[in-house]
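So you know, we letter chains A, B, ... as the sequences are listed, proteins then strands, and number each from 1.
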Amino acid sequence: AQSVTQLGSHVSVSEGALVLLRCNYSSSVPPYLFWYVQYPNQGLQLLLKYTSAATLVKGINGFEAEFKKSETSFHLTKPSAHMSDAAEYFCAVSDPGTNAGKSTFGDGTTLTVKP
Amino acid sequence: SQTIHQWPATLVQPVGSPLSLECTVEGTSNPNLYWYRQAAGRGLQLLFYSVGIGQISSEVPQNLSASRPQDRQFILSSKKLLLSDSGFYLCAWRVSGAHSGNTIYFGEGSWLTVV
(Lines give C-alpha, C1' and ligand atoms only; values in the text may rest on other atoms or scores of the structure.)
Protein backbone atom coordinates (compact mmCIF):
# COMPACT_ATOMS: atom_id res chain seq x y z
CA ALA A 1 0.00 0.00 0.00
CA GLN A 2 1.14 3.52 -0.62
CA SER A 3 0.11 6.89 0.71
CA VAL A 4 1.03 10.54 0.48
CA THR A 5 0.78 13.27 3.08
CA GLN A 6 1.09 16.89 2.12
CA LEU A 7 1.75 19.01 5.18
CA GLY A 8 -0.18 22.24 5.05
CA SER A 9 -3.25 22.59 2.89
CA HIS A 10 -2.49 26.30 2.38
CA VAL A 11 0.87 28.00 2.05
CA SER A 12 1.30 31.74 1.59
CA VAL A 13 4.54 33.43 0.58
CA SER A 14 5.56 36.85 -0.62
CA GLU A 15 6.69 37.38 -4.17
CA GLY A 16 10.42 36.68 -4.35
CA ALA A 17 10.44 34.50 -1.24
CA LEU A 18 11.35 30.83 -1.02
CA VAL A 19 8.61 28.34 -1.78
CA LEU A 20 8.61 25.09 0.21
CA LEU A 21 5.80 22.59 -0.18
CA ARG A 22 6.10 19.46 1.90
CA CYS A 23 5.36 15.91 0.88
CA ASN A 24 5.93 12.69 2.80
CA TYR A 25 5.16 9.31 1.35
CA SER A 26 4.73 5.74 2.41
CA SER A 27 5.51 2.88 0.08
CA SER A 28 6.49 -0.75 0.48
CA VAL A 29 8.77 -0.59 -2.56
CA PRO A 30 11.12 2.07 -3.95
CA PRO A 31 8.59 4.48 -5.42
CA TYR A 32 8.21 6.83 -8.28
CA LEU A 33 7.32 10.29 -7.02
CA PHE A 34 5.68 13.20 -8.79
CA TRP A 35 4.67 16.79 -8.31
CA TYR A 36 1.80 18.23 -10.33
CA VAL A 37 0.42 21.76 -10.54
CA GLN A 38 -3.23 22.63 -11.12
CA TYR A 39 -4.43 26.07 -12.13
CA PRO A 40 -8.09 26.96 -11.54
CA ASN A 41 -10.54 24.92 -13.60
CA GLN A 42 -7.81 23.03 -15.39
CA GLY A 43 -6.33 19.56 -15.35
CA LEU A 44 -3.09 18.67 -13.62
CA GLN A 45 0.25 19.42 -15.26
CA LEU A 46 3.42 17.52 -14.44
CA LEU A 47 6.06 19.66 -12.74
CA LEU A 48 8.69 17.02 -12.12
CA LYS A 49 9.20 13.37 -11.28
CA TYR A 50 11.63 11.11 -9.47
CA THR A 51 12.22 7.65 -10.95
CA SER A 52 15.26 6.37 -9.02
CA ALA A 53 17.94 8.35 -10.83
CA ALA A 54 19.31 11.57 -9.34
CA THR A 55 17.79 12.40 -5.97
CA LEU A 56 17.58 16.10 -6.80
CA VAL A 57 15.08 16.56 -9.57
CA LYS A 58 14.64 19.74 -11.54
CA GLY A 59 11.33 20.55 -13.15
CA ILE A 60 9.61 23.24 -15.08
CA ASN A 61 9.10 26.84 -13.97
CA GLY A 62 12.17 26.79 -11.72
CA PHE A 63 10.87 24.16 -9.31
CA GLU A 64 12.92 21.32 -7.93
CA ALA A 65 12.44 18.52 -5.43
CA GLU A 66 14.77 16.30 -3.46
CA PHE A 67 14.09 12.65 -2.73
CA LYS A 68 15.20 11.76 0.79
CA LYS A 69 14.73 8.08 1.46
CA SER A 70 15.69 8.30 5.13
CA GLU A 71 12.99 10.90 5.70
CA THR A 72 10.51 9.43 3.19
CA SER A 73 10.12 12.94 1.84
CA PHE A 74 9.91 14.63 -1.52
CA HIS A 75 9.55 18.33 -0.77
CA LEU A 76 9.06 20.83 -3.57
CA THR A 77 11.03 24.08 -3.59
CA LYS A 78 11.55 27.20 -5.64
CA PRO A 79 14.07 29.86 -4.63
CA SER A 80 11.96 32.86 -5.60
CA ALA A 81 8.19 32.84 -5.88
CA HIS A 82 6.43 34.53 -8.75
CA MET A 83 2.83 35.64 -8.85
CA SER A 84 2.17 33.11 -11.60
CA ASP A 85 3.10 30.28 -9.20
CA ALA A 86 -0.19 30.71 -7.36
CA ALA A 87 -1.98 27.40 -7.88
CA GLU A 88 -2.70 24.08 -6.24
CA TYR A 89 0.10 21.54 -6.02
CA PHE A 90 -0.24 17.79 -5.70
CA CYS A 91 2.33 15.24 -4.69
CA ALA A 92 1.84 11.68 -5.94
CA VAL A 93 3.45 8.29 -5.39
CA SER A 94 3.39 5.27 -7.67
CA ASP A 95 4.65 1.70 -7.56
CA PRO A 96 6.96 1.29 -10.57
CA GLY A 97 6.48 -2.45 -10.82
CA THR A 98 2.82 -2.65 -11.66
CA ASN A 99 1.23 -2.56 -15.06
CA ALA A 100 -1.74 -0.56 -13.86
CA GLY A 101 0.61 2.12 -12.59
CA LYS A 102 -1.93 3.62 -10.28
CA SER A 103 -0.79 6.75 -8.54
CA THR A 104 -1.89 7.87 -5.11
CA PHE A 105 -2.27 11.62 -4.74
CA GLY A 106 -2.02 13.85 -1.71
CA ASP A 107 -4.83 16.20 -0.80
CA GLY A 108 -3.03 19.14 -2.36
CA THR A 109 -1.49 22.38 -1.15
CA THR A 110 -2.83 25.72 -2.29
CA LEU A 111 -0.02 28.20 -2.82
CA THR A 112 -0.82 31.89 -2.50
CA VAL A 113 1.75 34.46 -3.59
CA LYS A 114 1.41 37.92 -2.10
CA PRO A 115 2.71 40.98 -3.95
CA SER B 1 2.88 14.05 -29.65
CA GLN B 2 0.17 12.66 -27.44
CA THR B 3 -2.93 14.60 -26.53
CA ILE B 4 -5.93 13.88 -24.37
CA HIS B 5 -9.34 15.45 -24.67
CA GLN B 6 -12.43 15.14 -22.54
CA TRP B 7 -15.88 16.62 -22.88
CA PRO B 8 -18.11 18.25 -22.06
CA ALA B 9 -16.11 20.79 -20.09
CA THR B 10 -19.06 21.72 -17.89
CA LEU B 11 -22.55 20.40 -17.37
CA VAL B 12 -25.41 20.88 -14.99
CA GLN B 13 -27.65 17.87 -14.58
CA PRO B 14 -30.74 17.25 -12.46
CA VAL B 15 -30.78 14.52 -9.84
CA GLY B 16 -31.81 11.22 -11.37
CA SER B 17 -30.69 12.06 -14.89
CA PRO B 18 -28.07 10.04 -16.80
CA LEU B 19 -24.46 11.03 -17.33
CA SER B 20 -21.91 10.45 -20.03
CA LEU B 21 -18.43 11.95 -19.99
CA GLU B 22 -16.12 11.03 -22.82
CA CYS B 23 -12.36 11.01 -23.11
CA THR B 24 -10.09 10.23 -26.03
CA VAL B 25 -6.33 9.98 -26.32
CA GLU B 26 -4.39 10.60 -29.52
CA GLY B 27 -0.86 9.78 -30.53
CA THR B 28 -0.39 6.58 -28.56
CA SER B 29 -1.59 2.98 -28.58
CA ASN B 30 -2.89 0.78 -25.80
CA PRO B 31 -2.59 3.39 -23.06
CA ASN B 32 -3.66 2.83 -19.49
CA LEU B 33 -6.68 5.06 -18.89
CA TYR B 34 -8.02 6.53 -15.66
CA TRP B 35 -10.99 8.46 -14.33
CA TYR B 36 -10.42 10.59 -11.24
CA ARG B 37 -12.83 12.75 -9.27
CA GLN B 38 -11.80 15.85 -7.41
CA ALA B 39 -14.31 17.13 -4.91
CA ALA B 40 -14.16 20.82 -4.06
CA GLY B 41 -11.09 21.56 -1.94
CA ARG B 42 -9.98 17.97 -1.83
CA GLY B 43 -7.49 15.70 -3.50
CA LEU B 44 -7.94 13.25 -6.33
CA GLN B 45 -9.87 10.04 -5.92
CA LEU B 46 -9.26 7.29 -8.46
CA LEU B 47 -12.61 5.97 -9.69
CA PHE B 48 -11.75 3.59 -12.51
CA TYR B 49 -8.78 2.43 -14.52
CA SER B 50 -8.37 0.35 -17.64
CA VAL B 51 -5.37 -1.49 -19.05
CA GLY B 52 -7.11 -2.53 -22.27
CA ILE B 53 -10.30 -2.56 -24.32
CA GLY B 54 -13.20 -3.82 -22.25
CA GLN B 55 -11.04 -4.13 -19.12
CA ILE B 56 -12.33 -1.91 -16.34
CA SER B 57 -11.31 -1.92 -12.70
CA SER B 58 -13.34 -0.03 -10.14
CA GLU B 59 -11.59 1.47 -7.16
CA VAL B 60 -14.57 2.55 -5.10
CA PRO B 61 -18.19 1.41 -4.94
CA GLN B 62 -20.37 4.13 -6.31
CA ASN B 63 -23.12 5.25 -8.59
CA LEU B 64 -20.86 5.48 -11.62
CA SER B 65 -19.58 3.07 -14.26
CA ALA B 66 -16.90 3.20 -16.93
CA SER B 67 -16.43 1.63 -20.32
CA ARG B 68 -13.67 1.40 -22.87
CA PRO B 69 -15.23 0.55 -26.22
CA GLN B 70 -12.13 1.44 -28.21
CA ASP B 71 -8.41 1.46 -27.49
CA ARG B 72 -8.17 5.19 -26.89
CA GLN B 73 -11.69 5.98 -25.71
CA PHE B 74 -12.82 5.99 -22.10
CA ILE B 75 -16.36 6.81 -21.02
CA LEU B 76 -17.71 7.60 -17.57
CA SER B 77 -21.44 7.02 -17.10
CA SER B 78 -24.26 7.00 -14.66
CA LYS B 79 -27.86 5.90 -15.07
CA LYS B 80 -29.18 8.14 -12.29
CA LEU B 81 -27.10 10.96 -10.86
CA LEU B 82 -26.98 11.79 -7.17
CA LEU B 83 -26.20 15.16 -5.60
CA SER B 84 -23.00 13.63 -4.24
CA ASP B 85 -21.78 12.97 -7.79
CA SER B 86 -21.02 16.67 -8.23
CA GLY B 87 -17.35 17.43 -8.72
CA PHE B 88 -14.51 17.88 -11.13
CA TYR B 89 -13.82 14.78 -13.19
CA LEU B 90 -10.46 14.17 -14.74
CA CYS B 91 -9.53 11.67 -17.39
CA ALA B 92 -5.90 10.64 -17.57
CA TRP B 93 -3.58 8.27 -19.39
CA ARG B 94 -0.10 6.78 -19.19
CA VAL B 95 2.07 4.48 -21.22
CA SER B 96 1.17 0.87 -20.46
CA GLY B 97 3.49 -1.68 -18.94
CA ALA B 98 5.45 -1.91 -15.73
CA HIS B 99 8.56 0.26 -15.35
CA SER B 100 7.34 2.61 -18.08
CA GLY B 101 7.88 5.68 -15.91
CA ASN B 102 4.33 5.80 -14.63
CA THR B 103 3.84 9.45 -15.54
CA ILE B 104 0.13 10.17 -15.73
CA TYR B 105 -1.09 12.88 -18.10
CA PHE B 106 -4.38 14.60 -17.46
CA GLY B 107 -7.16 15.98 -19.58
CA GLU B 108 -8.68 19.41 -19.07
CA GLY B 109 -11.37 18.18 -16.71
CA SER B 110 -15.17 18.26 -16.67
CA TRP B 111 -17.17 20.15 -14.08
CA LEU B 112 -20.36 18.33 -13.10
CA THR B 113 -22.98 20.02 -10.99
CA VAL B 114 -25.95 17.91 -9.99
CA VAL B 115 -28.96 20.00 -8.97
Let's go through T10(B) and N41(A) carefully: what are the C-alpha distance in whole Å and the side-chain angles of both, what is the deciding distance for side chain to side chain contact (heavy atoms under 4.5 Å, CB included) to 0.1 Å, and is it a yes or a no? CA-CA 10 Å; T10(B) 60; N41(A) 299 316; over 6 Å; no
Give a yes or no on whether [X] and [Y] share a hydrophobic cluster (residues Ile, Leu, Val, Met, Phe, Trp, Tyr; joining criterion: side-chain heavy atoms under 4.5 Å apart).
X	Y	result
V4(A)	F67(A)	yes
L64(B)	L11(B)	yes
V93(A)	Y105(B)	no
Y89(B)	L81(B)	yes
V115(B)	L83(B)	no

Student check: side-chain heavy atoms of T103(B) and Y36(A) closer than 4.5 Å: yes
Can you say whether I104(B) sits under 4.5 Å from chain A via the side chain, the backbone, both, or neither, judging by heavy atoms? both
What part of Q45(B) is in contact with chain A, defined as an atom under 4.5 angstrom from a non-hydrogen atom: side chain, backbone, both or neither? neither
Measure distances from S103(A) to the heavy atoms of chain B and classify the residue's part below 4.5 Å as side chain, backbone, both or neither. both
Part of L44(A) within contact of chain B (heavy atom distance under 4.5 Å): both
With respect to F106(B), which candidate in F105(A), F90(A), Y39(A), F34(A) satisfies the ring pair (Phe, Tyr, Trp, His ring centres under 6.0 Å) definition? F105(A)
Check the pair F88(B) / Q38(A) against side chain to side chain contact (heavy atoms under 4.5 Å, CB included), numbers first and verdict last. CA-CA 12 Å; F88(B) 192 50; Q38(A) 184 182 32; 3.5 Å; yes
